[in-house]
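A quick write-up on the structure given underneath.
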Amino acid sequence: MNPHDDEHRRAVMRLALEHRAQLWGFLVGLTKDPAKAEDLFQNTYLILCEKWEQYRPGTNFLAWARQIARFEFLASVDPERRPFVTAEMDVLESAMRAVETEGGAPSSRRDALRRCLDQMPQAKGRRVLELRYGEGLAGEQVAEELGLSLNALYTMLSRVRRVLQDCVERRVRAEEGGA
Amino acid sequence: MNDSMRVEIERYLDGGMTPGESAAFLDSVRRDPEALACLGHALEDQAHLFDAVRAGATAGTRRFRSPRVRIRPLSRPETNALWIAGLAAAGLFALLVATSTSGSRPRTPANPPKEIVFAPPVPVPEPVPAPRKPDVTPLPEPPRPLPSPPKVDAPPPGPKREDPPPPPPPEAPKPAPPREPVKPTVVQIASLDRVTGPCFLLDGAAKTAAKAGAPLLSGQGIEAGGAVSIKFPDARIDLVAGTTLRECSQSPAGRRLRLVSGTLAADVAKQPAGSTLVISTPQADVVVVGTRFTVACGPDSTRVEVREGRVRVSRPADGASVEVPPDQFTVVGAGGPLEAKLIPIDEILLTPAQGKLFGADWRPVKDAEAAGGIALESLKGQKGPLQDAPCVAYTVNAEAGKTYFVWVRGKCGARTARIEHDAVILDFSDAEVTEPPGPNKGLTGSLERGLFNGFMHQPGFGWVGGDSDQGREAAPVAVKFAKPGRQTIRLYSWESPMRIDAIWLSSTQKTRPDDLQTGPPSSKK
């Protein structure tokens, strides 16, 4: 392989890792199952690395990668269900495209989120996140653990997410302003 | 966007909607740009939240829905030796690791490429010969996909739109502002849990004696003259004697072990998204998702056997690949199709811990004479129909059509009239059971059952293969399962008191095993 190809391949792998959160988030939105999303992400990642030549540098990497992720997800779905999930995939893809144009490197958002989490007070909000994301419990299990109704849990999660999102956006804007 | 839409987003992400509700929800999101953006952020943040929150949690508290693979003792070298004869190919990892080119993999041990193909190799210093006293950072927490060394170089800022800006210059990795102290440290990626025989740590050209408890640093390798166990935070790799791992490295994208010869067995917890464990050999790359598997690397081929989870094996020479599911194997040589085949199952050993108790006839008891110190004890025998009688049920994998000879190891608990208190029955669902000729043949009332009678002959635990009242060396019961895969075997108490500590199905053991033996040779400790 000539050095240019080698660099191209490495660039694809780097991009795949860089955008892991978006790809994995897309898959977990479809599957509602983090473990299954991980499996699908692994497969997607492998294919991205195998088919690195298909990616044209400078074009929208995420669009290409999501296409592959879509195929992987569809392959995992019962054939009878496939027509029904296509519409869902389209909406999730639109949702992710809507935030791609906001700018900022994926790593900025990730770093900002971690800092915002660190600053979150040790209260029920943090506990909810630990159960939901740290231990991977489903909503029903988290609600049971905390003695909440499911709706109350969703309300709490939505508020926590809003607080985090505001914090993240402030940090990202501050970093970009300072950079 | 109102709060109720945000709550609905949470419900959607949790999978708490019916298909109809989901369709309606998505339709309303599609029409609302703000909701669309909110959902987009939520999807992206899912990954960040999992990573960030789990990074703060200890390994022990993770209750991921995917099954955690238990670390178990390595299968014995005798078994691995069979693989060594043919294998080598480990490595699959094709994608990631890839050495320089996908087509040419002329790697030789003399030229250990330090190719951390993923993100620029940040924490890996140049290999320093033996007397290195670095800042050895302790074992990291269970892997987070993008651990601290933030070698996240700025990607080509291009890819946001379809229009083609100038191709992103693959600039040299630009160090991001350090969130944590970034200094040239040597990262400890594992430790040596057990070392037997002459084993060495390889560090470039240097070689030092390996001892149990020693750290394994990124970039180091192991030459196992004896057996070595390597303990990672989320995995255990066992090397058999004669195995050489040229290099074990860690990068933000995961870990890579370069196996140049010999055999290793791996027991790996499920890898987090974006992080991989790769075992590469001269012929193949093995990408680990979270599995229990073995890789044996020989001069011309590599054999990969998967016991749990799944592994993708590829042959970089031509890009062929195959996914190997549990209880299957593949052999990667220079050519030919890559396919996964069922691992032959010749020996099945059932222990008390594997049995599920139904009813009150059986209970586990401590018994110093029993294998593993535990036996199943029955104080009451069944004399009526066994259909719904209390029993111990075992679930095992077995091949269809293969003849297994059945041996039960037990102890008669009676002091007098022992001949009347020493029998159990095994029921094999969906199988053809052949009982040897004898006075009690057919007593069980079913062609799927076998009587194991005659434990009175020895004072302690001993093996019985069928109706052995007439003599201990009677031919054993044989069973042939109708379908491959999962089988159910039930143990019933017929005459009590009895204690059972092992049930052994073997395609090779046609004569009664020695009473001191507790199972097939590979199960010996």
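Labels below follow one simple rule: chain letters A, B, ... track the order of the sequence lines, proteins then strands, and each chain is numbered from 1. Fair warning: this is a prediction, and the values are worked out from it, not measured in the lab. In what follows, every heavy atom counts, from backbone to side chain, and hydrogens, waters and symmetry copies are set aside.
For B:Glu323, the part lying under 4.5 angstrom from a heavy atom of chain A is the side chain only. Contacts of A:Glu140 with chain B are made by backbone atoms alone, with heavy-atom separations under 4.5 Å and no side-chain atom involved. Proximity to chain A (any heavy atom under 4.5 Å) is shown, for B:Asp27, by neither the backbone nor the side chain. For a residue to count as touching a neighbouring chain, one of its non-hydrogen atoms must lie under 4.5 Å from one of that chain's; by this rule A:Val28 touches chain B with the side chain only. Only the side chain of A:Leu164 comes within contact range of chain B, with heavy atoms under 4.5 Å apart. Contact of A:Glu88 with chain B is made through backbone and side chain together, with heavy-atom distances under 4.5 Å. With a 4.5 Å cut-off on non-hydrogen atoms, A:Leu157 touches chain B through its backbone and its side chain both.
Side-chain atoms of B:Asp45 never come within 3.5 Å of backbone atoms of B:His48 as a donor-acceptor pair (strictly under, hydrogens ignored). No donor-acceptor pair under 3.5 Å is formed between the side chain of B:Asp234 and the backbone N or O of B:Ala269. Side-chain atoms of B:Asp14 never come within 3.5 Å of backbone atoms of B:Gly16 as a donor-acceptor pair (strictly under, hydrogens ignored).
Among B:Ser22, B:Ala42, B:Ser4, B:Gly40, the residue with the largest count of heavy-atom pairs under 4.5 Å with chain A is B:Gly40.
Between A:Phe41 and A:Trp24, the distance from one ring center to the other does not fall under 6.0 angstrom.
In summary, the side chains of A:Tyr133 and B:Gln46 do present a donor paired with an acceptor at a separation below 3.5 Å, with no hydrogens or angles considered. Side chain to side chain, A:Arg109 and A:Gln165 fail the donor-acceptor criterion of an N or O pair below 3.5 Å.
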